[in-house]
J.: 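The structure follows.
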Amino acid sequence: MTTSTKIRPMENQVETTPTMEQSTGGVATKSPNAIELAVIVPTYKEVENIIPLHNLLCETLAGLSWEMIVVDDDSPDGTAAHVRELSTRYPNMRAIQRVGRRGLSTAVIEGMLATSAPYMAVIDADMQHDERLLPQMLDNLKSGEFDIVVGSRHVDGGGLGQWSKDRVKMSELATKVSRLVFKSNLKDPMSGFFMITRDAFDGALRNLSGEGYKILLDIFASSPEPLRFKELPYEFKTRQFGESKVDSLVLWEYGALIADKLIGKFIPVRLFMFAAVGGTGVVIHYTVFALSFFLAGLSFMTSQIIATLVAMTTNYFFNNILTYRDKRKTGLRFFTGLASFYLICSLGIFGNVGVASMIYDQNITWWISTFAGLMIGTLWNYSASSIFIWDKK
Ligand code: GDD
Ligand code: MN
């Protein structure tokens with residue numbers, strides 16, 4: 001902090017907080033300045049939205065003791081640095097900057113872990129959610145009747161604003177699918193706007209998947225006890241600055257979340273995705289081989305080499321954007337990763353052929369032997385590339 005900066009009195013500071021609940025139990029005295037509410041704001045490229053959002057929060061939360069935690073995934077527009085700079089003027093604001101990672105849900109989880117506030121809200125940076133609900137959400141939680149209060153577009157008085165027909169349909173379908181992993185009459189499990197008590201969050205914490213976008217659904221599906229919830233209506237507003245990050249891959253991430261909740265206890269979803277991508281690689285391999293060998297009349301060897309290279313490359317590409325979407329490589333790292341992937345897969349072939357022939361030598365039928373070889377190859381490729389490619393910065 002620069003010493004010359006004149007610190008404005010914090011609008012949110014209060015002298016005493018007589019209503020502060022002892023919900024965390026045991027602590028007899030609390031500092032009157034203890035933060036009561038943390039507003040977690042996940043961001044990716046939202047630099048223009050920070051000041052307007054902070055202003056709105058200051059207005060709505062005046063008189064309360066609160067903080068704003070921006071969890072930014074190293075946005076190229078400098079969102080995190082911008083927040084740090086502002087925090088010298090507004091000490092109730094801070095940034096968590098994550099490098100080499102992406103993901104809305106994990107951002108929210110880490111934001112919640114970084115605060116000691118007993119109540120935590122999640123709100124998008126782009127002001128599409130109605131921040132004026134926050135005091136009412138807080139009052140509801142303080143009453144002790146609820147664990148979580150959700151800003152809902154699907155209860156009377158709420159609405160989707162200017163959503164396209166396709167997006168409305170997709171959201172409806174996603175809501176139906178969510179019933180697979182948790183049963184409740186929550187009307188808007190897809191909402192990204194809610195407030196939760198620390199106790200309820202702690203209860204779900206260790207079961208959270210952290211996949212994709214739908215942190216609210218994740219929390220509901222991960223809670224050991226059904227959550228006592230309330231939905232408050234709001235109208236989804238139009239974004240003014242920046243753009244939405246929701247793209248077709250969000251659907252894939254949603255699938256990953258549901259899959260993790262359904263089968264995650266038995267098989268890691270990533271391994272499952274990796275194997276599925278491998279399956280497409282097999283199809284691509286045969287297609288390219290057929291084109292080279294039969295159509296272009298290249299030799300068997302040349303055709304096989306081309307097919308292998310193409311399939312490895314497409315496998316790498318799909319794994320990068322699907323399986324490891326949250327750690328995807330871009331720029332130069334994309335190519336160094338590709339080179340490592342070629343190397344790892346080449347070693348995988350040795351394992352595959354070795355194991356397959358060893359089993360075949362035991363007089364075990366050909367398809368079991370080749371299948372075992374494939375499994376070993378896939379497991380090796382998966383483990384090695386997880387560690388040496390996508391876990392590396
Ligand atoms: N840290 C981080 N990492 N933040 C992200 C990422 C990411 O990978 N992707 C998106 N965000 C941030 C955005 O910067 C924004 O503040 C917020 O998450 C929501 O992203 P949008 O791209 O604006 O999503 P949306 O408006 O289409 O959908 C939102 O509203 C829906 C309805 O409540 C999301 O909150 C959805 O989850 C929600 O269903
Ligand atoms: Mn948005």
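The shown structure was predicted, so the numbers you read here are calculated from the model rather than taken from an experiment. Order of listing sets the numbers, starting from 1, for every ligand and every atom in it.
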J.: For Lys45, which part has a heavy atom under 4.0 Å from ligand 1: side chain, backbone, both, or neither?
T.: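 Near ligand 1, Lys45 shows nothing, with every heavy atom at 4.0 Å or more.
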J.: For ligand 1, is there an atom lying under 4.0 Å from some heavy atom of Tyr213?
T.: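 So Tyr213 counts as touching ligand 1.
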J.: Do the non-hydrogen side-chain atoms of Phe220 and Pro189 ever get within less than 4.5 Å of each other?
T.: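 With C-beta onward as the side chain, the pair stays apart.
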J.: So is Ser191 polar-close to ligand 1, meaning N/O to N/O under 3.5 Å?
T.: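 N/O-N/O distance under 3.5 Å: no.
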J.: Taking only heavy atoms of Gly192 into account, list the atoms of ligand 1 that are under 4.0 Å away from them.
T.: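 Per the distance check, 33 (O), 35 (O), 38 (C).
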J.: With only distance considered, is Ala125 within less than 3.5 Å of ligand 1 through an N or O on each side?
T.: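 Yes; the residue has a nitrogen or oxygen that sits under 3.5 Å from a nitrogen or oxygen of the ligand.
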J.: Do Tyr254 and Tyr213 have ring centroids that are under 6.0 Å from one another?
T.: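 Judged by ring-centre distance (under 6.0 Å), Tyr213 and Tyr254 do not meet the cut-off.
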J.: Where's the contact between Phe193 and ligand 1, heavy-atom distance under 4.0 Å: side chain, backbone, both or neither?
T.: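 Phe193 to ligand 1: no contact under 4.0 Å from either part.
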J.: Just checking, Arg102 and Tyr44: is the charged tip under 6.0 Å from the six-membered ring centre and within 45° of the axis?
T.: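 The answer is yes; both the distance and angle limits are met.
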J.: With respect to atom 30 (O) of ligand 1, which of Asp124, Val71, Asp72, Ile40 exhibits the smallest heavy-atom separation?
T.: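 Nearest heavy atom to atom 30 (O) of ligand 1 lies in Asp124.
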J.: Answer yes if the ring centres of Trp366 and Tyr360 are under 6.0 angstrom apart, and no otherwise.
T.: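 Not under 6.0 Å, so no.
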J.: Any idea how Phe289 and His285 line up, ring-wise: parallel (<30°), tilted (30 to 60°), or perpendicular (>60°)?
T.: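 Parallel, since the angle between the ring planes stays under 30°.
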J.: Give a yes/no answer: is there an N/O/S atom of Gln128 under 2.8 Å from the Mn ion (ligand 2)?
T.: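 It does: Gln128 brings an N, O or S atom closer than 2.8 Å to the Mn ion (ligand 2).
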J.: Check contact between Tyr234 and ligand 1, using heavy atoms of the residue and a distance below 4.0 angstrom.
T.: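 Heavy atoms of Tyr234 do come under 4.0 Å of ligand 1.
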J.: Under 6.0 Å between ring centres: does that hold for Tyr316 and Tyr342?
T.: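 Not under 6.0 Å, so no.
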J.: Report the name of the N/O/S atom of Asp126 located nearest to the Mn ion (ligand 2).
T.: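 Distance check against the Mn ion (ligand 2) picks out OD2 in Asp126.
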J.: Tell me whether ligand 1 is touched by Arg98 - counting only heavy atoms on the residue side and a distance under 4.0 Å.
T.: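 Judged by the 4.0 Å heavy-atom criterion, Arg98 does not count as contacting ligand 1.
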J.: Determine whether any heavy atom of His129 lies closer than 4.0 Å to an atom of ligand 1.
T.: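 So His129 counts as touching ligand 1.
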J.: Would you mind listing which atoms of ligand 1 come within a distance below 4.0 Å of any non-hydrogen atom of Met190?
T.: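 It comes down to these atoms of ligand 1: 38 (C), 39 (O).
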J.: Less than 4.5 Å apart, any side-chain heavy atom of Trp66 and any of Cys58?
T.: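 Yes, side chains in contact.
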J.: Hey, is ligand 1 close enough to Glu243 that some N/O pair sits below 3.5 Å?
T.: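 N/O-N/O distance below 3.5 Å does not exist for this pair.
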J.: Give a yes/no on ligand 1: does Lys214 have at least one heavy atom closer than 4.0 angstrom to it?
T.: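 Per 4.0 Å heavy-atom rule, Lys214 contacts ligand 1.
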J.: So that I can tick it off, tell me whether Asp218 and Lys261 are bridged by a salt bridge, with the cut-off set at under 4.0 angstrom between side-chain N and carboxylate O.
T.: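 A salt bridge is present here (some side-chain N lies under 4.0 Å from a carboxylate O).
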